[in-house]
Amino acid sequence: MNKKFYITTPIYYPSAKPHMGHAYSSIIADFFARFKKIDGHEVHFLTGTDEHGLKIQRSAEKQGVDTLEFCNKISQTFRDLSKTLNLTNTDFIRTTEKRHKKTVQHLWNELENNDDIYLSKYTGWYSVSDEAFYNEDEIEEVDGNKIAISSKSNVEWIEEESYFFRLSKWQKPLLNYYETHPNFIGPETRKNEVISFVKSGLKDLSVSRKSFSWGIKVPNNKNHIIYVWLDALTNYLSALNYPDTNDELFKNFWPASVHLIGKDILRFHAIYWPAFLLAAKIELPSRIYGHGWILSGEEKMSKSKGNILDPIEIINQYGLDPLRYYLIKEVSFGNDGNISQEKLEDCINSDLANNFGNLCQRVTTFAIKNCESKIPKRIEFQKEDLEILDKYKNNLDNIRKKIDNQNINFYIDYIVNSLFEANKYFNDQEPWKKKDNPLRLNTIVFTGLEIVRKISFMLYPIIPNSSLKALKIFNLTEKDINFSSIENNEFLAKDSEINEIDILFKKIEKKND
RNA sequence: GGCGGGGUAGCUCAGUUGGUUAGAGCGCAGGACUCAUAAGCCUGAGGUCAGUGGUUCGAUCCCACUUCCCGCUACCA
């Protein structure tokens, strides 16, 4: 039986068009999905859109369009983004789909039957203009009017009937779970935040709303709709056809291997979600990972600052793979990352064009000119050849381990180092001086080609299109890529034709200022 | 305010369970080569590892204080 891997992105809230943060989450998820795929796993990779809630309803009203039509349109832009980013997602779920409603209502019933949901009243100081509730200590009285201290807007006392989830009951089980499953939340600092939050005490959670209608109805009370988070989180299950636990998808892929999310929604994933699952007696996902934000030059991107880097525009200008590579390489995974167009250009020139692209080119061209355009047949490895080739062999398990710990930076640093070594190898061996020694020349060329092939395999999860382009040198295609085969030093078919390839990455001409 | 993380080369960041000359990439300067996208390779410049005090034979790494930055501190997601 194949090993299974189930990874999810957040489902995106389509109240606005996709931005770099969405692109980042998706690209990273795709990286893991592709890596696991070439490492022999059966992969389920889910992304989608979260389409309920007051904000969506209002946005649609504002534009005077039907709410579902509004969602259809914006959800499509996210579907398009998946294409643009070349994601290998195996499904795309929308919370407005029937399959999802069915699952959410089933889960609701489970929770209610287990006495984890009860009907009560929600009370609090509400500001209509802020759309927010405030605590007693966040308001003050001025001229007999209650106002919110932070925004100075009027607040009114609201009492609304609401269903509650007994979150408080799960405080101890959650803490216990965190302790017995130290890898449940990553990275470590986020885990600490979550734990300290839970330790500070959990109140029951209001899980229904009466004030608006755009959502999934509470099964036995049509006046209420289900709180968006209980709704949204459930997508990870509905995409596997839960509650049909005999369904192949569910049997194969639950519990999820990784829910990849941004740090801003960690609480919902690391506290509410596991609490819901515990209450419904469903197994918990293996890992929740909250990555950082993508910032533009130290600041959050904002229109007024004019520092927005729109993923689509960047891709149109530089291409997809450079963006994928840059985001994965330059952002220290787990932390916030500062990106800039200038750094992106530097990265393209030094890493992709000069280092990887040029390596492919120099080795290939040399082989074409000196080995009759064929992969050398007669070779005899020497110490220095095996030294560089065997290094890969000895690192595969280590790389797998690092990937399972989401240590993306290790992975890409390993590749970059390999590129330096490869270029150095070719330099030191000086095959252009070995024209009177065909055996040696052939061996060096073969070794060079093997290295290009190994590195191209490793680069596939990061820059799939470029990797495949490079592999055309050897007539290799996607189905040939196999991570384990990196330890094979004689993978390439000897005596087979070598193809000339176009330049992989064009250098960016930088402006002089 | 409380809890947590952090301040390391011009820039982005690693690292040290305390031990002789503190690392990488980019950028910068010089050199040898020429297969290659004037790419690659070699060498070098550049840091009082935020500050002060303490523990220690010895601290960038441990402790205390100071200072600056950031995150979390429940129902907008």
Side-chain angles (χ1 to χ4, degrees), chain A residues 10-13 15 50 52-56 58 122 124 126-127 130-135 162 164-165 167-168 187-209 227-230 232 262-268 271-272 290 292-293 295 298 329-332 334-340 342-343 345-347 349-370 409-410 412-413 416-417 419-435 441 444-445 448 502-507:
Chain A
I11 47 173
Y12 302 120
Y13 199 67
S15 60
D50 170 20
H52 290 133
L54 185 58
K55 247 189 215 169
I56 300 277
R58 289 247 175 91
Y122 188 84
Y126 184 73
S127 156
D130 298 350
E131 290 177 32
F133 281 93
Y134 291 97
N135 282 330
S162 171
F164 282 83
F165 172 72
L167 186 62
S168 56
E188 204 73 14
T189 58
R190 302 274 156 234
K191 174 175 146 186
N192 295 336
E193 280 172 19
V194 168
I195 290 175
S196 78
F197 181 85
V198 174
K199 273 189 179 155
S200 74
L202 295 175
K203 283 194 277 184
D204 288 352
L205 183 70
S206 161
V207 286
S208 76
R209 297 286 187 276
Y227 172 53
V228 282
W229 273 105
L230 178 49
K263 64 180 184 182
D264 47 327
I265 53 173
L266 185 65
R267 180 190 311 150
F268 304 96
I271 299 172
Y272 299 172
W293 286 339
L295 310 175
E298 306 276 326
K329 163 98 187 295
E330 294 271 307
V331 177
S332 166
N335 298 325
D336 291 352
N338 299 311
I339 64 169
S340 73
E342 200 193 335
K343 290 265 183 188
E345 292 183 352
D346 287 344
C347 183
N349 285 349
S350 50
D351 281 30
L352 295 176
N354 292 349
N355 217 340
F356 177 58
N358 184 55
L359 175 72
C360 295
Q361 207 67 27
R362 74 192 295 204
V363 176
T364 311
T365 308
F366 192 87
I368 288 171
K369 286 184 186 161
N370 298 284
N409 299 101
F410 174 89
I412 200 157
D413 287 347
V416 172
N417 268 330
L419 285 168
F420 289 139
E421 282 176 3
N423 270 311
K424 180 173 167 50
Y425 167 84
F426 212 65
N427 252 60
D428 291 351
Q429 297 309 314
E430 301 180 306
W432 48 91
K433 286 185 183 167
K434 303 281 162 32
K435 297 197 177 170
L441 184 145
I444 295 166
V445 169
D502 292 336
I503 282 186
L504 286 174
F505 301 95
K506 271 189 218 138
K507 292 185 71 168

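Reminder, nothing fancy here: chain letters follow the sequence lines and each chain counts from 1.
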Next on the checklist: My understanding is that a pair needs two contacts under 3.5 Å, Watson-Crick or G-U wobble. By that rule, which nucleotide pairs with A64(B)?
Outcome noted: U52(B)
Next on the checklist: Under a 3.5 Å cut-off for both contacts, is G1(B) paired Watson-Crick or G-U wobble with anything, and if yes, with which nucleotide?
Outcome noted: U73(B)
With the side chain of [X] defined as its heavy atoms from C-beta on, choose the nearest nucleotide among [options].
{"X": "N354(A)", "options": "U37(B), G5(B), A39(B)", "result": "A39(B)"}
{"X": "N427(A)", "options": "C26(B), C41(B), G71(B)", "result": "C41(B)"}
{"X": "F426(A)", "options": "C35(B), A39(B), C3(B)", "result": "C35(B)"}
{"X": "L167(A)", "options": "C11(B), A74(B), C41(B)", "result": "A74(B)"}

Checklist entry - Is the ring centre of W229(A) less than 6.0 Å from the ring centre of F268(A)? => result yes
Checklist entry - Using a cut-off of 4.0 Å on non-hydrogen atoms, how would the nucleic acid contact of S332(A) be classed: base, sugar-phosphate, or nothing? => result sugar-phosphate
Checklist entry - Touch check for N409(A), heavy atoms < 4.0 angstrom, all strands: base, sugar-phosphate only, or nothing? => result nothing
Checklist outcome for this item: Taking for K433(A) and for D204(A) the nucleotide of RNA chain B with the nearest heavy atom, the one nearer the 5' end belongs to K433(A)
Item to check | C1'-based separation of G51(B) from U8(B) [nearest Å] | outcome: 15 Å
Item to check | Centroid under 5.5 Å and tilt under 30°, F366(A) to C35(B) | outcome: no
Checklist entry - Closer than 4.0 Å, any side-chain N/O of N358(A) to the OP1 or OP2 of U34(B)? => result no
